[in-house]
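One structure below.
Values reported hereafter were calculated over all heavy atoms of this structure, with side chains retained and with hydrogens, waters and symmetry mates removed.
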Amino acid sequence: MDDLTDYDTIVLAGGAARRLGGADKPSLSVGGRPLLDRVLAACPDAAITVVVGPRRPATRAVVHALEDPPGGGPLAALDAGLRHTTAPTVLVLSADLPFLTTATVRCLLEAATRTDGAAAPGGGSVPHEGHVPHEGRAPRDGRAPHAGRAPRDGRTLRDGAMLQDASGRDQPLVAAYRAEPLRRELARVRAEHGTLAGLPLRALTAGLLLERVPDATTTASFDCDTWEDISAARARIREHGNVLDEWITAVKAELGIELDVDTAALLDLARDAAHGVARPAAPLTTFLIGYAAGQQGRDVQELTDRAAALANRWAAEGAADADVTGAETKPAE
């Protein structure tokens, strides 16, 4: 197990969703799947996944937790979730991210667990290609931002990494944190304020050495706060360039299967079967490939290649027969 697999996930799935008229936002469907399930799909290898909020169905086993007091805000929810985790790194996500990907999660984990060659002065982190360091903000009490823990070899160990959206805004609920400094800062905030309820996330992040990770997809940080956001997400999924991948992902989730699907290869096969055999052969052939893969434990790509070769041979025979028939019926010169 390495730093990229030894992590737990906390999904904050509470909140009143006032801008959605009080709807249960994590249960709202985008692309045929609840928002919560879409977020869970982006972190499938988390050792423990804690969902903080009212109990609701999920596509995989999760630990349910409730903040104290109920509706106490993000810091209270984060504290409630953290009590159920044991991994050295904790991925923290909101439950309304329809386009979060495993690639983005991996980038956050990489940035959160990487060490720099030398400690940077003033609590900043050392920049590296593709990432923007978070210099920290001075807390209201005038303390200097936490400068990170320096390992014995003098390198700087970050406290975590958060996504930064295309407009430059930090996304502390799309972030990976080291558990030890996260617990330390939560305890500090509670000691200073007497409670975590109602406090903003910046009360916590101001004391952490965090790296900003730009949202390379420009959509991983997109969250759904309004019905307009929900409509925009649903429309994006139905765009021509996205709809097939989204549909296949939804079907796999619905059927409970884990399978890499080469969409282009299967579409090519369906086209060959439809043109070379008959139109109904396309869906029947792809079904048979899936059935064979499931029953025999065989590689889908190998089965697709074999069926495609068969369709091409079938079509070639038809073309050859047509040529022969044409030659036989052609009148003599």
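Apart from F222 itself, the hydrophobic cluster it occupies contains L20, L28, V30, L35, F99, W227, I230, I237, where clustering links Ile, Leu, Val, Met, Phe, Trp and Tyr at side-chain heavy-atom distances under 4.5 Å.
Side-chain contact between T85 and R183 is present, with heavy atoms from C-beta onward closer than 4.5 Å. Counting only heavy atoms from C-beta outward, the side chains of P44 and T102 approach each other to under 4.5 Å. Contact of the R158 side chain with the R178 side chain is not registered, since no non-hydrogen atoms from C-beta on lie closer than 4.5 Å.
For CZ of R298, the number of neighbouring non-hydrogen atoms (other residues, nucleotides, ligands) closer than 6.0 Å is greater than 12. Residue-environment remark: CZ (R306) stays at or below the threshold of 12 foreign heavy atoms within 6.0 Å.
Between R38 and E246 there is a salt bridge, with a side-chain nitrogen of the basic residue lying less than 4.0 Å from a carboxylate oxygen of the acidic one.
Both L204 and L199 are members of a single hydrophobic cluster when ILVMFWY side chains are connected at heavy-atom separations under 4.5 Å.
Sorted by first and then second residue, the pairs that involve residues 21-36 and meet salt bridge (Lys or Arg N to Asp or Glu O under 4.0 Å), not counting sequence neighbours, are D24-R56, K25-D96, K25-D225. Applying the side chain to side chain donor-acceptor pair (under 3.5 Å) definition to pairs two or more places apart or across chains, none involves residues 272-288.
Minimum heavy-atom separation, A197 to P69: CB-CD, 3.8 Å.
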Next item on the list: Starting from the C-alpha separation in whole Å, work towards a yes-or-no answer on side chain to side chain contact (heavy atoms under 4.5 Å, CB included) for L173 and L93.
Entry: CA-CA 5 Å; L173 294 184; L93 305 170; over 6 Å; no
